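Worth saying up front: this structure is predicted, and the values here are computed from it rather than measured. Order of the sequence lines sets the chain letters (A, B, ...), proteins ahead of strands, with each chain counted from 1.
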Amino acid sequence: MIDLANVTVRRGSVPALDDVSLSFGRGGITALIGPNGAGKSTLLHAMSGLLPPTSGRVRVEGRDLAAVPATERARTVAVLTQTERVTARLTVRELVSFGRWPHHRGRPKAADRETVEEALELFDLSDLAGRRIDTLSGGQRQRAFVTMAYAQETPWMLLDEPLAALDPRHARDLMDRLHALTRPGAPGQRSVVVVLHDLGAAARYADRIVALRRGRLVTSGARLLTLTGPMLTDLFETSLTVRRLDGRDVVVPG
Amino acid sequence: MPERRLALLALGLALLAALFLCWNLRQPMGLILSLRGTKLAALVVVGAAIGAATALFQTVAQNRLLTPGIVGFDALFVFIQTGLVLTLGGAGFAGLPPLAKFGAEAAILVLAAMGLFGLVLRRDAEDVLRMVLTGVILGVFLRGLSGLAARLLEPSEYAVVQQASVATFGAVDATQLAIASAVLLPTLVAAHLMAARLDVASLGRTTARAVGLEHDRVVRLTLALVALLVAVSTALVGPITFLGLLAASLAHAVCGTYRHAILVPAAALIGAAILVGGQFVFERLLGFQSTLAVIVEFAGGLLFLVLVLRRPAR
C-alpha cells in the first residue's frame, strides 16, 4: 500500500501539490487524471521518492519513503518519468538490463539476464533488442523505458504518460499487458499507477481513478463510481459524457 | 569485442613506449634510458590522468563535448604563474623551490576545483551544466586578470610566463613525478572501481535515481576524482586543455561501449598513447622541442569544432 498524508510539494512559492492525502491499495490500475498543471506528475514523483515532499509524508508498504535506502526503494517502486533522456549509446537490451540494477548492483547473474529477455519478449521488443535507443522512434523508445521499469520486478509501477508517443495499436497492447499484470492471481502481480490523458484508456482499463486539479485532490475512488460525465466536465471545464458502447465505457464530448 | 580492443590499445601503448625508449639509443645508455624513462613516465601518467578525467567528466556532465579543462584549470594555472612572476620577478620565480611550488600549485588547483564543484553542487547534482558555465566564466575572468597583469611585466618576465604556461615534459622532476604518480595512480584505480555505478549515472539523474543509484553522491565523488587527476597533472607539466577531449572521443569511437570498465581505461591508454606517440614523432623524428602541447591543443580544438558542428550538443 502507498499512503500519502497531507503531502505538499512546492515549486518556488507555488504549490504543485497541495495538502494531498490518498491511499493506493495493492493490485489493479489506478489512473491519475486531470488538466495540464494539475500535479499528476508531481504526485507520481513524490510517490516514487524522486521528489521529496515539502511537507507531509509518503509511506510505502508501511515505511516512510524518506527513510528507505535508494536500492530498497528501487526494488519496491519502479517509475517511468516524462524526462527520460539518455545520452549514452545503449541498445534496447542494455537499457532494459539497467532495470535489474537494484537487484544485482553491477554484478548481473543468469537470472537477471533471463528476466531481461522475458521482459523484452513480453513487451514485444525482442526484435529491437539489439537496436541502439537513439535510432528508435519516440514510441519505440517509450516502450523500451516501460520495459525497463517492468524488468525492475517491483510490486509498484508508476508510469507518467506511457501512452504519450504510442500509436493506437501499441497503446492498446501496452494497456492490455499492464491490465493482465495487475489482475489477482497474475504471477508477480503488479500495482500500476498511471498518468493518462487518454480518458478512453482510463475508462477502459482503470480500476480506480484519482482526479487532480491545480495541485489539489478533486476525487478518488472506484472507476465505475467516479468516472462520470459531470465529474469530468467539472474537472476539465469542458462538456464531457461517459457512454456505454459495446459493453464498455467511453468518454465523448458533449 | 571492447575488451579485445582495450587489450590492443594497451599493446599499442607498450610498443610506443618501447619505441620511445629504444629509438636511436646510444652511449651512455644507462643515463639516456634513465632520462627517457622519466619523461616517458610523465607522458604516460599525465596522458592517462587527463584521458580518464575527461571520460569521467563527460559522464557526470552528460555531454560528450566537454572536457574538465574547460572549467578554467588552465586559466587558473596561468594566473598563478603570472601572479608569481609579477610579485617575485623573473629571477625570483626561477628561484622558487620546485617541489614547494609544485605542491602549492597542485593544492591550489585541487581546492579551487573542489570549491567550484562544491559551491554549485552543494544541494544536489542536478545542475552540472550550471557548474560548467560558472567555471567557464571564472576562466574568462582569470584570463582577463592574467592579461592585465601581463601588461605590467617586463618583456623578459612575460617570456617566462609564456614558457611556464605551456605544458612541457622535457624538464619533469623525478621527485615531483613520483609524488604526482602516488596521487594519480590510486585515483585512477578508484575511478575504475566506480565503473559500474558510472554506467548507471550515464542514464541521467532521473533514471539513475529511479533504479536506485545514489546519483548525487556518485557525481560528487567522480568530480572529486576529476579534480585530483586534472589538478595534479596540470601542476606537474602545465595545462593541456583538449588532450582529454581527443582521448575520450577516440575511446568512445574505438570501443563503442557505454561500459566505464572499458571506457575509462581506454581513454587513459589513448591519452597516454597520444602524448608518447606525439612526443616521439616531434622529438625523435622531427627534432622539435616543446611543440607537442601546441599540436595536441590544435588537434583537440579541431576535433571539438568537428564534434560541435557534426551533431547537436547533448
When the 4.5 angstrom heavy-atom criterion is applied to A/Ser48 and chain B, the contacting part is neither

Side-chain ion pair, A/Asp3 and A/Arg59, N-O less than 4.0 Å:
no

Q. What's the verdict on salt bridge (charged side-chain N to carboxylate O under 4.0 Å, His left out) for A/Glu114 and A/Lys109, showing C-alpha distance, side-chain angles and the deciding distance?
A. CA-CA 9 Å; A/Glu114 272 173 34; A/Lys109 298 183 179 69; over 6 Å; no

Looking only at heavy atoms, the pair that brings B/Arg209 and A/Gly49 closest together is NH2-O, 3.9 Å

Worksheet entry | Lys/Arg-Asp/Glu bridge criterion (N-O < 4.0 Å) met for A/Arg75, A/Glu153 | no

Under 4.5 Å to a heavy atom of chain B? For A/Leu158 that would be neither

Looking only at A/Gly106, A/Ala149, A/Pro102, most heavy-atom pairs under 4.5 Å shared with chain B are made by A/Pro102

